[in-house]
Q: 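The structure under discussion is supplied below as structure tokens; questions concerning it will follow.
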Amino acid sequence: MTGVPATWYLLLSAALFCIGAAGALTRRNGITIFLSIELMLNSVNLSIVAYARIASASGSLLASLDGKVLVLFVLAVAAAEAAVGLALFIAVYRNRREIDINRLNLMRW
Amino acid sequence: MSVALAAMLAKIGLWVAVLLAVTPVMAWVERRGSAMIQDRLGPNRVGPLGLLQALADAVKFLFKEDLTPSAADKPLYYLAPALAVVPALTTFVVLPFGPEIEVGGETVKLLVADVESGVLLFLALASLGVYTLVLAGYSSNNKYSLLGSVRAAAQMISYELALTLSVVAALVPVGSFRLDEVVLYQVEGTWLGFLPHWNVFPQFLGFLIFLVAAFAETNRLPFDLPEAESELVAGYHTEYSSMKFALFFMGEYMAMATLSALAATLFFGGWHFPGIDYTGHWAIVALKGFSVLFAKVAAFMLLFVWVRWTFPRFRFDQLLRLGWKVLLPLAILNLVVIAALTIGGVL
Amino acid sequence: MEIVVFLLFALLALASAVVVVSHRNPVYSVMSLVVTLLSLAALFVLLGAPLLAALQVLVYTGAILVLFLFVIMLLNVGRETPSGGTGRGQKIGALVTAAAFGLVVISLLWGRFVGIEMPALTVEYVALKPLARTLLSKYLLVFEMAGLLLLAAVIAATVLARKVGKSRGETV
């Protein structure tokens, strides 16, 4: 049985991250930008898990578990970030009736 | 064909057959049961005791006109009912229905997926059930449907917390996510010398939280706010007809069945019943285990029907208040107490 | 066999990720992200992290993305209207992203991980108990802080999303 080369996971992660980054930089709908950021977070998770698996070759179990624990914390932070971010959208929408970020320029100087 | 493969196919086939049979049987039980509770007769014309009524209903569903609103979001409108049966048809894989058996010299575990994070897998797959309701409501382009699905999203996220915490509390004394080990923990010994070693006795509060949350998760009365017919016509499935509607119907009953099986496994000893001898020919053992689990699930299903035709519907603010301000603190308290008792060596 | 599974879910993840960032209707974006995250969960299983896969489905697709759908329906966010040509900022953004991706690909293809086969999965690596031990001993402080962070997020979300009473004025 031939395994999957390590680089493939990393390439996939990089591709997903860049797709997400492109979305975050080019879209105008606040929700879509937020979703793109979630996509970026998850692509990083994939590379962390892949690195953890690579690290498990060194024979040190603890070193590879660090990566998995890190992903758990990313999940927790993502949950907190989504809750606050969506609440912000609700607050903005209540005042402006839109979440097109190009027109949310009140704070601009 | 190897024994392992044959056993796997047989186990999957058995579960799928039972889950598909649940809907017609429960439709009959629900209609006759409600009639009994309301002092009516109920459907009694098709076949003996009206038993073939479910068959007549199925034929009716197949031949009804299948309407699609012209302003509906078509891809999502078709996707929603297809997703309705997915959680129920995937979560059963981690539910054990018997002890390990010996078939042709090989040991076979009577559950489909023997994975270490079993209960988590169940909860993860079950949590995908929200999408059906949300998508159905959104894609129908109908204000009642939309209101129903906004309610569904809020309700199911709120009650998932209490449900998960009560499940975790049941796992604490066992020390494993594997449901077969949860059952084995309940097989050995007794409480106070005469009660079976079921989780429900030390964790009655946890069981009550689980039960209430399960009613909310399956959108059954008294928590059927997403489809409250007196306010929202039929809620998220207002615009659906024919077999698409039937799929929502099936999804609801199958979700009830899998959640009942989880409740029986976590709190009532699963496939085990004190006094039944689980030795002998493997087929007999498997049959005994399955029958006991089936009986426990059936008891829960009857409870679901009984509650539905007994309690009035909650108001939506009452529902959310109950979930966040009563059930969630109680579930956390329950978890802390159970953990303390486990560390103290009482459980 | 493993390669076939990897390719299947990798392609699924890539295709749905493209839909996430390109679809005009946010509901479709969310549903595509669901597909991406489920594919990533499958890849986690392939990498020997079934717990992370289950948690990914439970936390991300089961809760966070449902919250997104909830907000989209609550605010009734419609389709994004075409703005008539792309702005300069968008062009720069796309170019920067493409350049960054090229750099990453080059560094990966000539980097130290080339030709490394993934080590075989061991029972200890997949098992839950060592992971739980690490989480609750070595990372106990971080674990508690994550709990605190979630509590703070709950309070912040409640305060932000609460309707401001008439007595305190309509504008914020």
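Order of the sequence lines sets the chain letters (A, B, ...), proteins ahead of strands, with each chain counted from 1.
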Q: With only heavy atoms counted, which part of A:Leu70 is less than 4.5 Å from chain C, the side chain, the backbone, both or neither?
A: neither

Q: What part of C:Thr36 is in contact with chain A, defined as an atom under 4.5 angstrom from a non-hydrogen atom: side chain, backbone, both or neither?
A: side chain

Q: Using a cut-off of under 4.5 Å for heavy-atom pairs, which of C:Leu40, C:Val59, C:Val20 has the most such pairs with chain A?
A: C:Leu40

Q: Quick one: which of A:Gly85, A:Ala79, A:Ala82 has the most heavy-atom pairs under 4.5 Å with chain C, could you say?
A: A:Ala79

Q: A:Asp66 and C:Lys138: side-chain contact (heavy atoms from CB on, under 4.5 Å), yes or no, with the steps?
A: CA-CA 9 Å; A:Asp66 284 353; C:Lys138 188 177 172 188; 3.1 Å; yes

Q: Once rounded to the nearest 0.5 Å, what's the spacing between atom CG of C:Leu95 and atom OG1 of A:Thr26?
A: 11.5 Å

Q: Can you tell if the side chain of C:Leu43 reaches within under 4.5 Å of the side chain of A:Leu46, non-hydrogen atoms only?
A: yes

Q: Could you tell me which non-hydrogen atom of C:Ala13 sits nearest to which non-hydrogen atom of A:Leu16, and how far apart they are?
A: O-CD2, 3.8 Å

Q: Looking at A:Val77, A:Val84, A:Val49, which makes the most heavy-atom pairs under 4.5 Å with chain C?
A: A:Val49

Q: Return the minimal non-hydrogen interatomic distance between A:Lys68 and C:Gly48, and the atom names on each side.
A: NZ-O, 3.1 Å

Q: Which pair of heavy atoms, one from A:Ala78 and one from C:Tyr60, lies closest together, and at what distance?
A: CB-OH, 3.1 Å

Q: Which heavy atom of C:Leu150 sits nearest a heavy atom of A:Ala76, and at what distance?
A: CD2-O, 3.5 Å

Q: Does any backbone or side-chain atom of A:Glu81 lie under 4.5 Å from a heavy atom of chain C? Answer side chain, backbone, both or neither.
A: neither

Q: So with a 6.0 Å cut-off around CZ of C:Phe143, is the heavy-atom count from everything else above 12?
A: no

Q: Between CG of A:Leu12 and CZ of C:Phe9, what distance do you get to the nearest 0.5 Å?
A: 12.5 Å

Q: Walk me through it: do A:Tyr51 and C:Leu47 pass the test side-chain contact (heavy atoms from CB on, under 4.5 Å)?
A: CA-CA 10 Å; A:Tyr51 280 128; C:Leu47 284 168; over 6 Å; no

Q: Looking at A:Gly20, A:Ala83, A:Ala14, which has the largest count of heavy-atom pairs under 4.5 Å with chain C?
A: A:Ala14

Q: How many angstroms lie between atom CG of A:Leu65 and atom CG of C:Leu135, to the nearest 0.5 angstrom?
A: 10.5 Å

Q: Look at C:Leu149, C:Leu55, C:Val154, C:Val142 and state which one has the largest set of heavy-atom pairs under 4.5 Å with chain A.
A: C:Val142

Q: Quick check for you: among A:Leu25, A:Leu10, A:Leu35, A:Leu39, which has the greatest number of heavy-atom pairs under 4.5 Å with chain C?
A: A:Leu35

Q: What's the separation between atom CG in C:Asn25 and atom OG1 in A:Thr32, rounded to the nearest 0.5 Å?
A: 9.0 Å

Q: Report the distance from atom CG of A:Leu86 to atom CZ of C:Phe68, rounding to the nearest 0.5 Å.
A: 4.5 Å

Q: With side chains defined as the heavy atoms from C-beta onward, is the minimum distance between A:Trp8 and C:Ile3 less than 4.5 Å?
A: yes

Q: Side chain, backbone, both or neither: which part of C:Ala49 has a heavy atom under 4.5 Å from chain A?
A: both

Q: Please determine, among A:Thr7, A:Val69, A:Ile33, the option with the most heavy-atom pairs under 4.5 Å with chain C.
A: A:Val69

Q: Measure across A:Ser36 and C:Val21 and return the closest heavy-atom pair with its distance rounded to 0.1 Å.
A: OG-CG1, 3.5 Å

Q: Might you point out which heavy atoms bring A:Asn45 and C:Gln56 nearest each other, and give the distance in Å?
A: ND2-OE1, 4.4 Å

Q: Do A:Asn29 and C:Pro26 have side-chain heavy atoms sitting under 4.5 Å apart?
A: yes

Q: Please state whether the side chain, the backbone, both or neither of C:Val104 comes within less than 4.5 Å of a heavy atom of chain A.
A: side chain

Q: Mind checking the CG-CD1 spacing from C:Leu14 to A:Ile19? Nearest 0.5 Å is all I need.
A: 5.0 Å

Q: Hey, which of A:Ala50, A:Ala24, A:Pro5 has the most heavy atom pairs under 4.5 Å with chain C?
A: A:Ala50

Q: Among C:Val96, C:Leu7, C:Leu46, who wins on heavy-atom pairs under 4.5 Å with chain A?
A: C:Leu46

Q: Between C:Phe6 and A:Tyr9, is the ring centroid distance below 6.0 Å?
A: yes

